Amino acid sequence: MNKKLRKIINKLKNKGKLSVREYEYLVKNRTEEAAKELKNHAFKIKTAVYGDKIFIRGLIEISNICKNDCYYCGIRHSNKNCGRYRLTAEDILACAEEGYALGFRTFVLQGGEDPYYTDSVLTDIIRKIKEKYPDCAVTLSLGERTYESYKALKAAGADRYLLRHETADKRHYKKLHPKEMTLKNRIACLKNLKKLGFQVGCGFMVGSPKQTERQIAKDLKFIEKFCPDMCGIGPFVPHKDTPFKDFPAGTAELTCYLLSIVRIICPKVLLPATTALGTIDTNGRQEGILSGANVVMPNLSPISVRKKYMLYDNKISTDEEAAENLKMLAERLDKINQKIAIDRGDVKGR
Ligand code: 5AD
């Protein structure tokens, strides 16, 4: 390994932070040897903080109706080929009931920015889940809302909120989103969520169209400074009905490399091995975990809607990523000496 790379890796391991230029160098000049070293180090940190436990989250995809038109996303407003659906409070509670019996103690309500889910609709759902399952955490992943709205959701009992920043570079953000959407508002939302006391998750796609190593470096710097409780990092995967249909997918190799770096920057972070990673590589999620990830989010949506929540082509939903096949997941994890935890799985030290 060259001297400069050696020095940067040592600094990352000792200090848990680098300059943007150093992150850029680390990404641009990565070697197999560097990746192995960071992977081993990240896995050691994950094990020191969370042991051999992997936290599971029951992912309930509540609606694929979205007012936004993100260029990468299969459920974007303009996609006329997307069969739309939304779940009612009853549907969602039925998912939670099934999930609880399976051992899930966190439910993630994720959906497009669907105006049907007003504060009163959502607070009603959150209260019902928390009343019935007081030992469970509720995570929301419902996009950008006002401070007042987030406040109402928190007051109703929501514990966590996922809102990927998508890219920390303003110009890149503009290339991925139409003009109504701004990085500024995204970041303002993340700060509001933090201020309100949510466990907050940010994150980005790896290999999204026109992404440069410099921009990835900025993502890492953002994560280092924002210090999220959760961080979703998965490869970009093209969707056939989007403007980005002809762009190549990101790689599992770079995704895992970045998972390791993020684990080293934020030792306690809740870091999922994402479905997108499992989609581009059958071994993706195991590799993600060995690279430092400690969360898996099996699909708990009603089977009838799963094929409709297609954020990208070929999104997997019927094998070990399906909540009802938790046993399969446990067996997969057993092969890498990891155990599923029946636990809320909160971030350490909070
Ligand atoms: N490929 C990979 N990830 C995607 N997402 C949306 N579309 C895609 C895609 N084509 C991710 C976004 C979003 C999350 C819910 O899914 O980062 O925040």
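None of these values were measured; they are calculated from a predicted model. Order of appearance sets the numbers: ligands from 1, and atoms from 1 within every ligand.
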Please report whether the ring centroid of Phe55 lies less than 6.0 Å from that of Tyr50. yes

Name all residues meeting the side-chain hydrogen bond (donor to acceptor under 3.5 Å, both in side chains) criterion together with Thr275; count only those two or more places apart in sequence or in a different chain, and write none if there are none. none

Please determine whether a side-chain nitrogen of the Lys or Arg among Arg76 and Asp69 lies less than 4.0 Å from a carboxylate oxygen of the Asp or Glu. yes

Residue pairs involving residues 4-13 (criterion side-chain hydrogen bond (donor to acceptor under 3.5 Å, both in side chains); sequence neighbours excluded): Arg6-Asn10, Arg6-Glu37, Lys11-Glu22, Lys13-Glu37

What pairs of residues pass the side-chain hydrogen bond (donor to acceptor under 3.5 Å, both in side chains) test when at least one of them lies in residues 149-162, not counting sequence neighbours? Thr106-Arg160, Asp119-Ser149, Lys130-Asp159, Arg145-Ser149, Asp159-Arg344, Arg160-Gln199, Arg160-Asp346

Look at the aromatic rings of Phe226 and Phe222 and report parallel, tilted or perpendicular, splitting at 30° and 60°. parallel

Around ligand 1, what residues show up once you keep those with a heavy atom under 4.0 Å from it? Tyr72, Cys73, Gln110, Arg164, Glu166, Met205, Pro235, Phe236, Val237, Leu311, Tyr312

